[in-house]
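Chain naming here is simple, since letters A, B, ... match the order of the sequence lines and numbering starts at 1 in each. Since the structure is predicted, the reported quantities are computational estimates derived from the model, not experimental observations.
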Amino acid sequence: MAEAEAYYITTPIYYVNDKPHIGHAYTTLACDVIARFMRLDGRDVMFMTGTDEHGQKVAQSAEAAGIDPLAFCDRVSQNFRDLTPLMNFSNDGFIRTTEERHTKACQAIWQAMVDSGDIYLDSYAGWYSVRDEAFYGEDELVDGPNGEKMSPFGAPAEWVEEPSYFFRLSQWRDRLLAYYDEDPNRILPISRRNEVLSFVKGELRDLSISRTSFDWGVPVPGDDKHIMYVWFDALTNYLTAVGYPDTEDESFKTYWPADVHMVGKDILRFHAAYWPAFLMSAGLAPPKRIFAHGWWTVEGQKMSKSLGNFIPPHDMVEKYGLDQTRYFMMRELPFGNDGNFSHTAMVNRMNSDLANDFGNLAQRVLSMINKNCEGLVPSPGLLTVDDGALLVPARELVDKMRARIDVQAIHLSLAALWDVVGEANRYVDTQAPWALKKTDPERMATVLYVLAEVIRHLAILAQPVVPEAAARMLDQLAVPEDQRSFAALTEAGMLRPGTALPKPQGVFPRYAGPEEDT
RNA sequence: GGCUCCUUAGCUCAGUUGGUUAGAGCACGGGAAUCAUAAUCCCGGUGUCCCCAGUUCGAGUCUGGGAGGAGCCA
């Protein structure tokens, strides 16, 4: 038995101070769909998400709430842990940067970077914004209403002057460029890759990676007046999760380096430039792929605090259904692009693609079998050219979808699946089994068998995106639990004639809520 | 200010190395069918392919300029 090939995929860790909205759910959902696909495809998957709990802002929020920072984090990180059951995520763990193991990992990688001569003590003077967690140049600042200095994003900025440890990022330019060159798909989409390339090709400055002005974070080893810069701390979670610093650990040896770091486009630079440089400096392999996805707007408008138009994932799931929500977010826009959420688009997708095309296909076929074949999987006769014209594309579908998932083109993998759904609906019409019932019952049985077998393929392949509905479809085809992976998409997994099927029930209802409610 | 990407049917987008009448889905109109969640199937039109100029026998596809949009950096 060949050992399953490992696959490690991560979401960013989310900032505990935020309230989860569809943007967070979207990132994790994309990873979930890919992780489920890989598991069904026989890969040994590690899928991680978590929360980023350090930094001055968190400490300030905790103080405002009148509790200590850890108690505060315990409370608010729950909001993100709750996304897993709500969205049916299949993450293999949930990491928090306040865990003891994470402190150890951060200090270990720091020490490794010190040992390779890439960290040095100097002093930092400049404008810093607590809210943005970022430093700014004098020329980037804007004047606030009372003449105070503000960051370009309108956050208060203060002049800070303090000792700081620096990372020799400037020394890593060529090695980073070589790393990008090794794989044309290193950073996707390509437009994002170009951005990173132009950033790194420009003048790379050394990076300040510690602060002395607050203490809610990971202390620098050997100099605990210094707290690690929050990004240094946060990025290291990807290592912590697989057992670092124990590089002999089975988990670390199996899963590192990560196959995909999924990130929002706003944090690409940290992942595509700083992080690989940190890792290489510490003698560790950099990630194989960084994918930056886009943002959702809502009814054409940006989500923002001032508009208060954040959509809590819970609201979408409640209103449209869980699998419907999952499908919409993965299908509506090319993965990587920005996209717009609208009630109309949501209802269109859920009614056209799910209810009318896929759901109704299963329902019409299963009903005919239920009524005309005594509720048993029918016995096929000799297959015709028409049958092959449907069966062959269904059997080739898994390869087509895999090729697309490999480059995170989730929307295209779904489009391929729906192509076959369309073929199947056309086949139903041209074969007209309801007419065959009177003229040629044996041929009717063959047609219904072919359809049931194609639906088996479709349901198995739809599991990553609509796990519950696909499972119900497979239940209705009496497909055993252990026959639902992609390995069953062969002749050996074919439906057995004579198997009793339960009475069919629709799995994708049409939208039944209020008509105009946007 | 520098750089990157985008601008194609009402909407969302495909358009490979330049080559005959520019495509898909949704929406819309007509027809067929009646197994099914009134779902399905067939047929149909619309496009100054952002604008201008150039290269070419020939450009949505290449070059230059311009307009609008998004983003990265200073």
Side-chain angles (χ1 to χ4, degrees), chain A residues 134-141 152 187-205 264-270 272-273 292-297 299-300 302 321 324 328 331-342 344-373 378 404 409 411-412 414-419 421-438 444 447-448 451-452 455 469 472-473 476 503-512:
Chain A
F135 294 99
Y136 295 103
E138 182 84 43
D139 54 338
E140 290 180 278
L141 298 176
I187 299 165
L188 291 177
I190 296 298
S191 57
R192 298 290 162 204
R193 173 194 166 87
N194 292 343
E195 284 178 10
V196 173
L197 245 54
S198 72
F199 168 71
V200 172
K201 280 177 179 165
E203 196 187 342
L204 277 187
R205 287 185 287 194
K265 61 184 183 179
D266 57 326
I267 55 174
L268 177 60
R269 185 164 26 118
F270 296 99
H293 64 70
W295 295 137
W296 283 94
T297 53
E299 303 292 346
K302 243 180 184 167
Q324 285 81 357
F328 175 82
R331 181 69 186 88
E332 180 64 8
L333 56 107
F335 192 61
N337 286 14
D338 288 349
N340 177 50
F341 171 83
S342 77
T344 308
M346 175 76 221
V347 172
N348 267 344
R349 284 288 176 197
M350 122 174 221
N351 285 350
S352 304
D353 296 3
L354 295 178
N356 296 354
D357 292 345
F358 193 17
N360 184 56
L361 169 68
Q363 183 67 10
R364 67 200 298 208
V365 169
L366 290 167
S367 292
M368 281 188 273
I369 290 175
N370 184 59
K371 288 176 189 161
N372 304 312
C373 307
R404 294 169 175 194
H411 61 294
L412 291 181
L414 293 175
L417 193 150
W418 255 260
D419 283 346
V421 169
E423 289 296 326
N425 271 321
R426 277 186 283 281
Y427 174 89
V428 176
D429 271 59
T430 55
Q431 300 300 318
W434 52 88
L436 294 168
K437 182 170 140 186
K438 296 162 197 156
M444 176 197 74
V447 166
L448 292 179
L451 282 164
I455 292 168
R472 270 182 286 147
M473 229 177 244
Q476 295 183 29
K503 192 173 161 59
Q505 277 189 319
V507 296
F508 291 119
R510 290 175 64 80
Y511 178 71

Measuring only the [atom1] atom in each nucleotide, how far is [N] from [M]? A whole number of Å is fine.
N     : M     : atom1 : value
B:U12 : B:C35 : C1'   : 32 Å
B:G64 : B:G2  : P     : 15 Å
B:C26 : B:U17 : C1'   : 32 Å
B:C73 : B:U63 : C1'   : 27 Å
B:G68 : B:C52 : C1'   : 15 Å
B:U4  : B:U56 : C1'   : 29 Å
B:G60 : B:C13 : C1'   : 15 Å
B:C49 : B:A39 : C1'   : 36 Å

inquiry  = Any side-chain to backbone donor/acceptor pair from A:Thr297 onto A:Gly339? Under 3.5 Å, distance only.
reply    = yes
Scan [X] against the nucleic acid and name what it touches under 4.0 Å (heavy atoms): base, sugar-phosphate only, or nothing.
X        : result
A:Arg349 : nothing
A:Asp357 : sugar-phosphate
A:Arg510 : base
A:Gly359 : base
A:Arg331 : nothing
A:Val507 : base
A:Lys437 : nothing

Roughly how many Å is it from [atom1] in [X] to [atom2] in [N], rounded to a whole number?
X        : N     : atom1 : atom2 : answer
A:Leu361 : B:U37 : CG    : P     : 13 Å
A:Leu333 : B:A14 : CG    : P     : 11 Å
A:Arg269 : B:C73 : CZ    : C1'   : 8 Å
A:Leu197 : B:C3  : CG    : C1'   : 12 Å

task = Give a yes or no on whether a donor-acceptor pair under 3.5 Å exists between the nucleobase atoms of B:A39, that is its base, and the side chain of A:Asn356.
result = no
query = Any side-chain N or O of A:Arg205 less than 4.0 Å from the OP1 or OP2 oxygen of B:A74?
reply = yes
message = Counting only side-chain nitrogens and oxygens, does A:Lys201 get under 4.0 Å of the OP1 or OP2 atom of B:C73?
response = no
message = Only Watson-Crick and G-U wobble pairs, only distances under 3.5 Å, only runs of 3 or more: what stems does that leave for RNA chain B?
response = B:1-7 with B:67-73, B:10-13 with B:23-26, B:28-32 with B:40-44, B:50-54 with B:62-66
note = Between A:Asn348 and A:Arg192, the residue closer to the 5' end of RNA chain B by nearest nucleotide is A:Asn348
